[in-house]
J.: 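I have a structure here, written as C-alpha cells, and I will follow up with some questions on it.
Below, chain A is the first sequence line, B the second, and so on; all start at residue 1. This is a predicted model, so every value here is computed, not measured.
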Amino acid sequence: MKGNTKHHANNHHEIELPHGRLHVFANPDVFGAFEPKVYEMADNNLRIPRSMYMSYTPDAHVGVGTCIGTTAVWRMRDGFVSPSIVGVDIGCGMRVHLTPLHKRDIQDPAVRRKLIEAIERYVPTNERTNSNYADIDIMDVVRHGLRGLPDKYVPDARWLTHVEEATFKFDHDFLSELPARIRRNAHGQLGTLGSGNHFIELQAIEIDEGRRETGEGWGLFDGQVVVMIHSGSRAWGAMLGREHTKSLKETMALWGISNPDPNLVYAPAVSHEGKAYLNLMYSALNFAVSNRHMIAFGVRQAFKDVFGEAIELPVLYDLMHNYALKEFHRNEPMLVHRKGATRALPPGHFMNTMAYKTTGHPALIPGSMGTASYIMVGRDEGAKNFYSICHGAGRLRSRRATKELVTVDAFAQSLRVGTEDEILVNHRTLETILDECPQAYKDVDQIIDSVVGAKLADVVARCKPMAVIKGV
DNA sequence: ATGTGC
C-alpha cells in the first residue's frame with residue numbers, strides 16, 4: 001500500500017498512495033513506528049473526490065473511518081464534508097486557566113486533595129447527567145455558544161475573547177431536523193466532564209527559554225500552577241455524529257457511491273445532507289466550548305472555596321481538535337477537517353482571535369496522566385500543513401490491550417505513588433482508569449520533537465501534572 | 001468519545 005515516499009528536510013514526508021498524496025510530519029523514529037494500516041486508511045480517505053490536501057501529524061493512529069491525527073481539506077465550492085473525518089467526539093478540545101499560585105503552594109498533598117474534592121463538588125465526573133446549571137437553556141447554548149450563557153456565568157470579558165470561537169454561527173433552521181432524543185439526552189450535561197481521555201489537571205509550568213518572551217507576554221511564569229481541561233460536546237455531539245454517519249451510509253448507497261471502508265461516509269458540502277451535517281456540527285461546537293467554559297466556572301468556584309473569594313483564574317485559551325471549519329486558505333474558502341489535530345496559527349496571522357493577533361494563540365497539547373503537556377505557538381512554516389499540529393501524545397495501544405498488558409503497580413509507579421511528588425488522582429483505585437495510564441500513550445516528547453523539528457510550532461511551556469481528575 | 005445498545 002505504501003507507495004513512493006519523498007523525504008523532505010524538517011520531518012516532512014510525502015507518500016504517493018494509489019488514490020493520492022499523503023503528507024506525514026514525524027521525526028524518523030516516529031515515522032518508522034507508524035502501522036501499515038494508517039496508509040490503507042489514508043488511501044480510502046483519498047478516494048473521496050477533489051481532495052485538496054491530506055496529512056498526518058506525528059500522533060496519528062487508527063480510528064473509525066479515518067485516523068486520529070488527520071488534516072483533510074476540500075474547497076468549499078466543490079468539496080466534501082465527512083462526519084467520519086470529524087469523528088464522533090465533535091468539538092472535543094482543550095482549555096487552560098492560569099492561577100496566581102506557585103507549585104509550592106499546592107505541593108502539600110493535603111491541599112491538593114482538598115482541591116480535588118472541591119472541584120468534584122462543582123464538576124460532576126461520575127454521573128452522566130447531573131449538571132449543576134439547570135437554569136441554563138441548552139438550546140440557547142447550542143444556538144449561540146458562549147453568548148447563550150447567562151451573564152452570571154461569565155466572570156470577565158476574557159472568557160468570551162480568549163477562545164478559538166465564542167459563537168459558531170449556523171443556520172438554526174437545521175435544528176428542526178434534530179432527532180428529539182438528542183435534545184433529551186444532552187439535557188443536564190452542561191459543565192460535566194465526561195469519561196475516557198477527558199480530564200481536569202492541575203499542572204506546574206516551565207517556560208521554554210526560546211519562547212520566554214511569548215510566554216511571559218501571555219501571563220505565564222515559571223512554577224505557575226495552571227488548570228488544563230480536556231472535554232467535548234458530550235452526548236450532543238456523539239449522538240449527532242452517529243446519527244449522521246448512519247443516515248449518510250444510506251444516502252451514499254442511494255447515490256451509488258461506495259468506499260472500501262463502510263465506516264467512511266461523506267457528502268458534497270453543498271448537498272442538503274452535507275449542509276445539514278455542517279450546520280448541526282456547529283451546534284455541537286457551541287455545546288463543546290460552553291461545556292468547557294462551565295467546567296472552568298466550576299473549577300473557579302472550587303479554587304475560591306479553598307483559597308478565598310479573591311482568587312481569580314483568568315482563561316489563557318480554549319481551542320478544539322475535532323471539527324471541520326470553513327477557513328480561508330490560498331485565496332479560497334476551504335473546509336478544513338481536523339480529527340485529532342490542533343490549529344496553531346503563527347504571530348500576525350489574520351485568523352487569530354483579536355487577543356492573540358500579534359503573538360499567535362496558545363496551542364494546547366495534552367500529554368498523558370503521568371507525563372508533560374505542552375503550550376505551543378504556531379510558526380509561519382505551518383502554512384504547508386494548513387496550520388495543523390498534533391493533538392496530544394496519541395494512543396500507543398487499545399484500551400483492551402492496555403488492560404491486558406499494564407499492571408496497576410506499573411501505573412502507580414509512573415504516577416510516583418508514595419513519593420513526595422506523587423501525581424494525585426481523584427479515583428480511589430487506579431484500576432478503574434487503567435486504560436488511561438501513561439503506558440497506553442506514545443511518548444509525547446517524541447511527538448512534540450516531531451512537530452518542532454517540522455517547524456510547525458514552537459514550545460512555549462511544559463506543563464507537569466500535579467493532580468488529575470478523571471471521569472469513568 | 002457516548003445516549004447504555006444492534
Side-chain angles (χ1 to χ4, degrees), chain A residues 59-70 82-95 123-131 138-139 141-142 178-200 229-250 262-265 277 280-281 283-292 295 319-324 337-342 366 368-369 391-400 402-403 432-436 440-441 469-472:
Chain A
D59 49 334
H61 60 97
V62 170
V64 178
T66 301
C67 288
I68 324 296
T70 296
S82 167
S84 316
I85 307 186
V86 172
V88 286
D89 195 3
I90 301 171
C92 185
M94 307 302 303
R95 185 179 182 96
V123 185
T125 55
N126 291 313
E127 302 92 302
R128 291 196 187 279
T129 56
N130 65 342
S131 168
I138 219 65
M139 292 313 289
V141 166
V142 298
L178 209 63
R181 50 196 184 77
I182 292 185
R183 213 175 285 208
R184 245 195 338 268
N185 285 327
H187 179 74
Q189 289 201 319
L190 198 66
T192 65
L193 184 61
S195 62
N197 58 8
H198 293 167
F199 66 76
I200 301 169
I229 295 165
H230 181 195
S231 188
S233 55
R234 310 288 281 106
W236 186 278
M239 298 187 77
L240 201 67
R242 230 171 69 168
E243 229 22 79
H244 281 258
T245 302
K246 211 176 101 190
S247 67
L248 260 186
K249 256 182 210 177
E250 292 160 17
N263 289 318
L264 178 53
V265 300
Y277 173 71
L280 290 173
M281 184 200 59
S283 78
L285 300 188
N286 282 334
F287 190 108
V289 65
S290 304
N291 189 46
R292 285 187 297 273
I295 290 170
L319 88 176
M320 322 219 195
H321 46 237
N322 289 342
Y323 57 37
H337 297 69
R338 294 192 180 89
K339 183 183 194 178
T342 309
S368 70
M369 282 178 64
H391 86 303
R395 271 201 105 78
L396 181 64
R397 46 179 69 97
S398 70
R399 295 184 184 279
R400 224 178 83 173
T402 303
K403 283 179 186 161
T432 44
I433 51 170
L434 183 57
D435 51 351
E436 280 294 313
Y441 287 90
I469 292 164
K470 291 191 72 88
V472 274

J.: If only side-chain N and O atoms of Arg234(A) are considered, is one of them under 4.0 Å from the OP1 or OP2 phosphate oxygen of dT2(B)?
T.: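 For Arg234(A), the contact criterion (side-chain N or O under 4.0 Å from OP1 or OP2 of dT2(B)) is met.
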
J.: When you check the side-chain N and O atoms of His391(A) and Asn322(A), is any donor under 3.5 Å from an acceptor?
T.: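 No - no donor-acceptor pair under 3.5 Å links their side chains.
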
J.: Starting at CG of Leu193(A) and ending at P of dA1(B), how long is that distance when rounded to a whole Å?
T.: 11 Å

J.: Take atom CD of Glu243(A) and atom C1' of dG5(B), then tell me their distance rounded to the nearest Å.
T.: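 Computing the Glu243(A):CD to dG5(B):C1' distance gives 13 Å.
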
J.: Run the side-chain contact (heavy atoms from CB on, under 4.5 Å) check on Ser233(A) and Asn291(A) step by step: do they pass?
T.: CA-CA 7 Å; Ser233(A) 55; Asn291(A) 189 46; over 6 Å; no

J.: Taking NE2 from His391(A) and C1' from dA1(B), how many angstroms apart are they, rounded to a whole number?
T.: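 In whole Å, dA1(B) C1' lies 11 Å from His391(A) NE2.
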
J.: For side-chain contact (heavy atoms from CB on, under 4.5 Å), just list the numbers for Ser82(A) and His337(A), CA-CA rounded to whole Å, side-chain angles, deciding distance to a tenth of an Å, and then say yes or no.
T.: CA-CA 8 Å; Ser82(A) 167; His337(A) 297 69; 4.3 Å; yes

J.: Under 4.0 Å between a side-chain N/O of Gln189(A) and OP1 or OP2 of dT2(B), yes or no?
T.: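 Gln189(A) to dT2(B) OP1/OP2: no side-chain N or O under 4.0 Å.
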
J.: When all nucleic acid strands are considered with a 4.0 Å heavy-atom cut-off, which category describes Gly241(A): base, sugar-phosphate, or nothing?
T.: nothing

J.: Would you say dA1(B) has OP1 or OP2 under 4.0 Å from some side-chain N or O of Arg399(A)?
T.: yes

J.: Give Arg183(A) one of three labels, base, sugar-phosphate or nothing, depending on what nucleic acid heavy atoms sit under 4.0 Å from its own.
T.: nothing

J.: Quick one: label Gly196(A) by what it contacts on the DNA or RNA (base, sugar-phosphate, nothing), any heavy atom closer than 4.0 Å.
T.: sugar-phosphate

J.: With a 3.5 Å distance limit and no angle check, can you tell me whether Ser195(A) reaches the backbone of Gly471(A) through a side-chain donor-acceptor pair?
T.: no

J.: Would His321(A) and His230(A) count as a close aromatic pair, with their ring centres under 6.0 Å?
T.: yes

J.: By the 4.0 Å heavy-atom rule, please label Arg184(A) as base, sugar-phosphate, or nothing.
T.: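 Touches nothing.
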
J.: Take the protein atom CE of Met239(A) and the nucleotide atom P of dC6(B), then report the distance between them rounded to whole Å.
T.: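 Atom-to-atom, Met239(A) to dC6(B), this comes out as 11 Å.
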
J.: Rounded to whole angstroms, how far apart are CG on Asp89(A) and P on dG3(B)?
T.: 11 Å

J.: Side-chain N or O of His230(A) less than 4.0 angstrom from OP1 or OP2 on dA1(B)?
T.: no

J.: For Arg181(A) and dG3(B), what is the distance between atoms CZ and P respectively, to the nearest whole Å?
T.: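 Result: 12 Å.
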
J.: Atom CZ of Phe287(A) to atom P of dT2(B): distance rounded to whole Å?
T.: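 My rounded result for the distance is 11 Å.
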
J.: Round to the nearest Å and state the distance from Asn322(A) atom CG to dA1(B) atom P.
T.: 10 Å

J.: dT2(B), dG3(B), dA1(B): which one has an atom nearest the side-chain heavy atoms of Ser195(A)?
T.: dT2(B)

